[in-house]
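Data first, discussion second: the structure below is written as structure tokens.
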Amino acid sequence: MTTPRTLQFRIYRYDPDKDAAPYMQDISVEIDDHDHKLLDALVKLKAKDDSIAFRRSCREGICGSDAMNINGRNGLACLTDISDLKTPITLRPLPGLPVIRDLIVDMTQFFKQYHSIKPYLVNNDPPPERERLQSPEDREELNGLYECILCACCSTSCPSFWWNPDKFVGPAGLLNAYRFIADTRDQATSERLDNLEDPYRLFRCHTIMNCVDVCPKGLNPTLAIGKIKEMMTRRFV
Amino acid sequence: MSIPVRKFDAVIVGAGGAGLRSAIQLSEAGLKTAVLSKVFPTRSHTVAAQGGVSASLGNTEEDHWIWHMYDTVKGSDWLGDQDAIEFMCRQAPEVVVELEHYGMPFDRTDNGKIYQRPFGGHMSNFGEKPVHRACAAADRTGHAMLHALYQRNVRANTQFFVEWMALDLIRDESGQILGVSALELETGEVVIFHAKAVVFATGGAGRIFHSSTNAFINTGDGLGMAARAGIPLEDMEFWQFHPTGVAGAGVLITEGVRGEGGILRNDKGERFMERYAPNAKDLASRDVVSRAMVTEINEGRGCGKNKDHVLLDITHLPTETIMKRLPGIREISIQFAGVDPIKAPIPVVPTCHYQMGGIPTNYKGQAVDENGALIHGFYAAGECACASVHGANRLGTNSLLDLLVFGKSSGESVIDDLKKMPKAHKELPKGAIDRTLARLDRLDNQKDGADVHEARLALQRVMQNHCGVFRFKDKLAEGVRMILDVEKQVQSTGIKDKSRVWNTARMEALELDNLIEVAKATMVCADARKESRGAHVRDDAPDTPEFPNGRNDKDWLKHSLWFRDGNRVQYKPVTLKPLSVESIALKTRSY
């Protein structure tokens with residue numbers, strides 16, 4: 001029924017408990033016609049060698065766990081078709097963040113930046129008994145923003161984030177900052193702009209657009225960043 | 001060996017919808033709270049919910065909580081506890097509005113209110129005609145909700161322990177719960193979280209089945225921990241098979257697709273649901289639709305080369321509706337079925353989706369024992385809990401509602417109960433962590449151990465083949481024997497990776513300890529329940545005049561309670577009396 005075939009991998013390996021330094025491991029795994037996505041192959045690979053460490057959960061591109069660098073490009077293993085990949089498939093952890101083990105990176109800095117933009121609705125009016133009203137058109141402004149899954153594909157493909165992960169908010173954080181600025185229910189636009197008014201936090205974005213290129217959800221952080229920059233400029237005129 | 005101890009007022013295990021909602025309550029009340037999660041909170045499986053959260057807001061047409069309650073009781077095939085169902089349906093508008101205030105980006109009606117869509121089993125006027133009750137953010141409601149709840153917790157400064165796996169409950173001789181042991185994945189360190197209250201919000205265990213819409217992390221950790229601590233599991237024979245998982249991949253396609261007008265068709269292109277549910281048709285309850293689909297396939301009217309699925313057709317819907325209301329479904333369909341639903345129908349098949357049973361609780365989220373007495377210090381909410389609001393079959397969108405209502409009520413109960421408790425923590429029992437250390441030692445020292453991946457596959461195959469959409473007397477009996485064989489493998493698993501750092505092999509082996517408890521509970525309770533009800537339908541309990549739909553209220557209108565010790569089942573009555581209204585009288589279920 002199914003035709004087994006061998007898939008070749010080159011995988012970044014590092015276990016601080018036993019390895020003095022990281023290395024690339026050549027390894028192969030048998031897959032069959034049911035294995036469509038890179039994650040399917042990785043799960044089989046892990047059955048063969050239980051020491052390969054990577055994060056995964058929903059396997060449908062909504063939880064954002066299995067972001068990694070696949071043949072030089074950031075993406076989600078669960079949304080990447082095996083048939084689109086040149087072999088050997090080279091897998092590395094997301095660039096620019098400290099590696100904990102194998103394909104698992106320390107995302108502390110990424111989330112710190114996300115948290116720094118105050119990612120929650122601010123509205124100081126006493127809450128009404130029913131929902132706050134919002135027109136469908138105003139709600140539409142949030143499309144392309146609220147869908148972010150915090151996978152970090154974008155921020156870790158951004159050279160500005162690589163150089164200044166502690167100072168530059170990065171595309172994911174800025175996309176989320178604009179998600180709240182654009183929300184008609186939010187009252188903190190001015191504070192949000194103040195929070196980003198700094199040579200690094202916002203303005204380190206040089207519109208390289210790697211973020212747009214890699215976003216597995218098809219979002220456009222550069223566009224959102226552009227809108228914040230525009231608002232920032234308008235403040236001064 | 002000395003194990004570090006950290007003290008908190010409350011520990012919440014799990015940071016999906018229920019855990020996060022509970023955490024908001026506790027953090028905003030100023031309690032010292034720790035939230036433990038195997039994954040970063042927004043990676044919890046609530047994120048994958050699609051269609052909506054139910055509340056009788058009546059934003060499109062007239063709706064009432066009592067109609068919602070009626071639908072839920074009927075959906076549960078009268079196994080749901082009517083006090084808890086009343087509580088949930090009455091609370092629904094309030095908790096959904098709160099969520100909107102937290103920033104949830106609901107879709108909107110033309111007059112700016114929360115957008116609501118029809119859903120399976122949602123009817124107005126006691127089952128009369130479909131009603132718009134499912135509050136939605138496109139087809140990404142779970143994602144939007146989970147992020148909004150996480151964001152509110154960021155605001156509340158909740159203390160998270162991210163990528164910590166809870167291993168065992170700590171319970172003293174009096175039966176009181178005093179904390180949990182947990183493993184930090186990054187370092188391999190084991191720590192005792194000593195608390196006055198432990199809230200389980202650990203989600204379901206859909207990974208006991210081979211074909212599941214569930215995430216890899218849905219391994220029933222809370223249920224395994226509770227079972228090992230001597231707490232019974234309730235109604236575990238009831239598992240929901242969602243009608244529309246992508247054939248082959250298992251990925252979920254929301255019922256909201258049918259809510260927006262999607263139609264199920266067999267190989268002849270026939271809208272077969274008209275024969276099974278003349279009134280509600282494609283929007284009948286999930287158990288009804290799943291059985292209809294399997295019947296079509298079994299009788300040779302399936303689609304595709306192997307005639308092993310049916311088709312979900314939305315090609316007649318305006319492209320604009322699909323792009324606006326179902327954009328995520330289109331993505332999933334293209335990604336996992338290779339089909340653009342604007343142009344061609346989606347191949348779908350019933351797929352394990354939701355665990356109706358769980359840790360027994362009352363409607364306040366407090367865990368209760370087999371006699372209905374409180375298990376002091378222990379609370380549960382969401383899919384891991386059984387209040388029971390879903391009974392024998394859950395209505396679509398009631399899962400997200402369950403998270404909000406019981407996440408909140410469990411938090412409120414903790415706050416109230418802590419006021420009555422002494423200021424100091426009760427002392428930990430001797431050997432509080434012995435069970436945990438024994439499990440870890442066994443795993444590290446196992447010689448020639450069974451392969452974790454193979455043992456898990458064996459477990460999933462037994463469940464899939466012996467406890468599926470239709471159940472058979474002989475297969476169930478055989479399944480009980482087989483799952484006990486699998487248990488022997490699970491008890492002797494070995495891992496090659498012994499690293500302390502982010503050891504996913506160890507994590508998967510520990511998860512398997514939990515999966516096997518859930519699998520045993522499911523098989524044993526399913527074998528024991530000799531009637532058909534809701535999602536549990538067996539060949540030796542057919543539809544007869546005496547027992548319509550095979551349901552036998554005389555002998556089986558009762559909840560199952562499975563105990564790990566002795567692998568035994570006992571029963572407790574269903575609460576038919578609501579809190580304030582008349583009981584919804586027993587009736588034969590039809591749609």
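Order of the sequence lines sets the chain letters (A, B, ...), proteins ahead of strands, with each chain counted from 1.
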Q.
If you define the side chain from C-beta out and look only at heavy atoms, does anything of Lys217(A) sit under 4.5 Å from Glu331(B)?
A. yes
Q. So do the side chains of Thr42(B) and Tyr114(A) get within less than 4.5 Å of each other, counting heavy atoms only?
A. no
Q.
If we ignore hydrogens and angles and just use 3.5 Å, is the side chain of Arg185(A) paired with the main-chain N or O of Gly103(B) as donor and acceptor?
A. yes
Applying a strict 4.5 Å limit to non-hydrogen atoms, the region of Arg101(A) in contact with chain B is side chain
> Quick one: are Asn111(B) and Leu133(A) in side-chain contact, heavy atoms under 4.5 Å?
Replying inline: no
Side-chain heavy-atom pair Val39(B), Cys63(A) within 4.5 angstrom cut-off: no
Please evaluate residues Gln335(B) and Lys37(A) with respect to the criterion side chain to side chain contact (heavy atoms under 4.5 Å, CB included), reporting the C-alpha separation (whole Å), side-chain torsions for both, the decisive distance (0.1 Å), and the verdict.
CA-CA 9 Å; Gln335(B) 274 280 351; Lys37(A) 302 293 179 187; 2.4 Å; yes
If one checks every heavy atom of Asn123(A) against chain B at 4.5 Å, the contacting part turns out to be neither
Ala136(B) meets the side-chain contact (heavy atoms from CB on, under 4.5 Å) criterion, sequence neighbours left out, with Tyr115(B), Arg117(B), Thr141(B)
Max heavy-atom pairs within cutoff under 4.5 Å with chain A, candidates His453(B), His143(B), Lys496(B), Met104(B), goes to His143(B)
Looking only at Asn503(B), Val501(B), Ile217(B), the option with the highest number of non-hydrogen pairs under 4.5 Å against chain A is Val501(B)
Review item, side-chain donor-acceptor pairs of residues 104-111 of chain A, under 3.5 Å, at least two apart:
residue, atom, partner, partner atom, Å
Asp106(A), OD1, Thr108(A), N, 2.9
Asp106(A), OD1, Thr108(A), OG1, 2.4

| message | Could you check whether any side-chain N or O of Lys113(B) sits under 3.5 Å from a backbone N or O of Arg130(A), counting only pairs where one atom can act as donor and the other as acceptor? | response | no
For residues 114-127 of chain A, the salt bridge (charged side-chain N to carboxylate O under 4.0 Å, His left out) pairs (sequence neighbours left out) are none
> Judged by atom type as modelled, is there a donor-acceptor pair below 3.5 Å linking the side chain of Gln151(B) to the main-chain atoms of Leu121(A)?
Replying inline: no
Listed by number, the residues in residues 134-149 of chain A that come under 4.5 Å of chain B (heavy atom to heavy atom) are Gln134(A), Ser135(A), Pro136(A), Arg139(A), Glu140(A), Leu142(A), Tyr146(A), Glu147(A), Cys148(A), Ile149(A)
So, do Glu508(B) and Lys46(A) sit near enough that their side-chain heavy atoms are less than 4.5 Å apart?
yes
Exercise for the section: Look at Arg500(B) together with Asp17(A) and state whether they make a salt bridge at an N to O cut-off of under 4.0 Å. Expected result: yes
The interface call for Ile332(B) against chain A, heavy-atom contacts under 4.5 Å, is side chain
Only residue of Leu99(B), Asn59(B), Val96(B) satisfying side-chain contact (heavy atoms from CB on, under 4.5 Å) with Glu131(A) is Asn59(B)
Cut-off 4.5 Å, heavy atoms of chain B, and the answer for Phe54(A) is backbone
Whatever's closer than 4.5 Å to a heavy atom in chain B on Pro16(A) counts as side chain
Check whether any side-chain heavy atom of Leu150(A) sits under 4.5 Å from a side-chain heavy atom of His147(B), and report yes or no. yes
